[in-house]
Amino acid sequence: MVITWPYSDSFISKPDPKMRLSRFFLPILRETPKEAEIVSHRLMLRAGMIRQESAGIYAWLPLGLKVLNKINAIIREEQNRAGAIELLMPVIQSADLWRESGRYDDYGKEMLRIKDRHERDMLFGPTNEEMITEIFRAYVRSYKDLPLNLYHIQWKFRDEVRPRFGVMRSREFLMKDAYSFDLDAEGARHSYYKMFTAYLRTFARMGLKAIPMRADTGPIGGNLSHEFIILASTGESEVFCHKDFLALDAPAENIDFESRAAMQGVFDTWTSKYAATSEMHDASAYEAMPESDRVSARGIEVGHIFNFGTKYSEPMKAVVNGPDGKDVTVQMGSYGIGPSRLVAALIEANHDEAGIIWPDAVAPFIFAIANLKVGDAATDAACEKLYGEFTKAGFDVLYDDRDDRPGAKFATMDLIGVPVQIIVGPKALADGKVEVKHRRTGERELLSLEEVVNKFAAKKG
RNA sequence: CGGGGCAUAGCGCAGUCUGGUAGCGCAUCUGCUUUGGGAGCAGAGGGUCGCAAGUUCGAAUCUUGCUGCCCCGACCA
């Protein structure tokens, strides 16, 4: 019997690599809306990535969504690699669940509380420790099912007093939150180190240098916690660290997440020297380092991990049978990354006067083809040829087929940050060449169509 | 939550003080020209001036109330 794959290739290929700008929805703005203060907010609005619908609440337009999805894809790969398992919990939660942990009263006005038609107290989830603990305790009975790490990527709502900086500090935001369950403290540390390692890899893959810094646990609770901070001049908080962290490479793809020694090694390497946010800053320890080793900079928090023991499992009775048949309250940790904030953070770290400079890994389109003279038989044909080849190779490629002037096309490609811009104009094409411009370096090269295809489009196959 | 400010076309703004036909730039649409760094000319469309009361012959403009949004500070993925 032959079982045929029930989906067409085009259906499963996500995201859609084919895009003609004349047909795409890319509402770019020439002028900056006055409310946007920081560069990422300005550029996201100008590049048509987001639209504000309310204070701190944004609609994600197609270009913004493409970036968000790429970030999510990287996060998923690294979470899965580290052994976490994806599920999806609802955004609306019951107040009763939060009364069990005691956080219904503790969380304050930051939690958006709502009533359903039966006058039941509900809430829009600001985080999911309670819910995941409820799910865990409903099914897991044995220590043999541990360790377990479950995560989801879901919208959160925190009714910030003052939302600002676009999606950097919004009320509704996307969060990847993972929750680990272990039999004992030692296992919980291993789980913590696994996520620690996964986070280093996740941010590195996006071209970000994220430095783990000892952090306050805040309302989540616990005793072991790190914030992952990326350095950006427009960052919200001041951070201090040893300069060696800037040169450290993230753990390799083939690192063994199950090896406690390997995980401990990663953790030790990345925590061996001084690194702290201003809240946790110890000026005397910092100044004990030679001045040439000190780095003081602005930082953006893009991830935060916690080991909080039995803070939730105890009151919510998440217990398993141990090897000796006795109940053991499980050890938990939670691990958060804000993909929506990451979009803004990536822009803060990657831009110039002309616009965004996407790292390849998260670029909404890696390639753009600019037809400088739409309607010209030669440029039209060359563009269609390239567009077809890149599409066939499975790349995200944007074809600017608008009947517009070259300057407008250059400005658009630079604004939306396309890493590799293939410029097809009548002059170079008369010699059979097109120009390839690299957004980040500004480097340009003249190549024939075949060379372009061989150099770029043939790679992925 | 304290302090400050804003609300007029899709975006950026003028007009408000001193009440009297709602304007400018960009964007959009049409036509012609133009085509390697956000083109030029000509024409066109688009606004219950945030909402509601009040004062007045007459309110974008004055008064009161409300709503929304932004900025600064304290708090946060």
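All heavy atoms count here, side chains included; hydrogens, waters and symmetry mates do not. Residue numbers begin at 1 in each chain, while the letters A, B, ... track the order of the sequences.
Residue Arg42(A) places no side-chain atom within donor-acceptor reach of the base of rG12(B), judged by atom type and a 3.5 Å distance cut-off alone. The base of rG37(B) sits within donor-acceptor range of the side chain of Lys437(A), with an N or O pair under 3.5 Å. One can find a donor-acceptor pair under 3.5 Å joining the base of rG37(B) and the side-chain atoms of Asp414(A). Below the 3.5 angstrom threshold, one finds a donor paired with an acceptor across the side chain of Arg46(A) and the base of rG38(B).
A side-chain donor-acceptor contact under 3.5 Å links His190(A) to the backbone of Phe257(A).
For the pair Asp403(A) CG and rG31(B) P, the computed distance is 12 Å after rounding to whole Å. One can place CZ of Arg405(A) at 8 Å from P of rG40(B), the figure rounded to the nearest angstrom. Regarding Lys433(A), its NZ atom lies at a distance of 21 Å from the P atom of rG36(B), rounded to whole Å. Between the CD atom of Glu279(A) and the C1' atom of rA74(B) there is a distance of 13 Å, given to the nearest Å. Residue Ile423(A) contributes atom CD1, which lies 8 Å from atom C1' of rG36(B) at whole-angstrom precision.
Closest to the side chain of Lys427(A), from the set rC69(B), rG36(B), rU35(B), is rG36(B). The side chain of Ser54(A) lies closest to rC69(B), out of rA27(B), rC69(B), rU34(B). Closest to the Glu435(A) side chain, of the nucleotides rA39(B), rG38(B), rG36(B), is rG36(B).
Nucleic acid contact class of Lys176(A) (heavy atoms, under 4.0 Å, all strands): none. Among the heavy atoms of the strands, none lies under 4.0 Å from Lys409(A). Glu37(A) comes within contact range of the sugar-phosphate backbone alone, with a heavy-atom separation under 4.0 Å but no base atom that close. Residue contacts for Ser340(A): at a heavy-atom cut-off of 4.0 Å it reaches no nucleic acid atom on any strand shown. Within 4.0 Å of Arg444(A), counting heavy atoms only, lies at least one base atom of the nucleic acid. Within 4.0 Å (heavy atoms only), Gly336(A) reaches no atom of the nucleic acid at all. Among the atoms of the strands shown, base atoms are found under 4.0 Å from some heavy atom of Ala428(A). Among the protein residues, Ser237(A) comes within range of no part of the nucleic acid, since none of its heavy atoms lies under 4.0 Å from any strand. Among the heavy atoms of the strands lying under 4.0 Å from Glu35(A) are primed sugar atoms or P, OP1, OP2 only; no base atom is included.
Contacts classified as salt bridge (charged side-chain N to carboxylate O under 4.0 Å, His left out) and involving residues 416-439 of chain A (residues at least two apart or in different chains) are given here: Asp352(A)-Arg439(A), Asp414(A)-Lys437(A), Asp414(A)-Arg439(A), Glu435(A)-Arg444(A).
For Arg99(A) and Asp96(A), the salt-bridge test passes: some basic side-chain N is under 4.0 Å from an acidic carboxylate O. Using a 4.0 Å cut-off between charged nitrogen and carboxylate oxygen, Glu129(A) and Lys311(A) do not count as a salt-bridge pair.
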Please tabulate, for side-chain N and O atoms in residues 25-37 of chain A, each donor-acceptor pair with protein atoms closer than 3.5 Å (sequence neighbours left out).
none

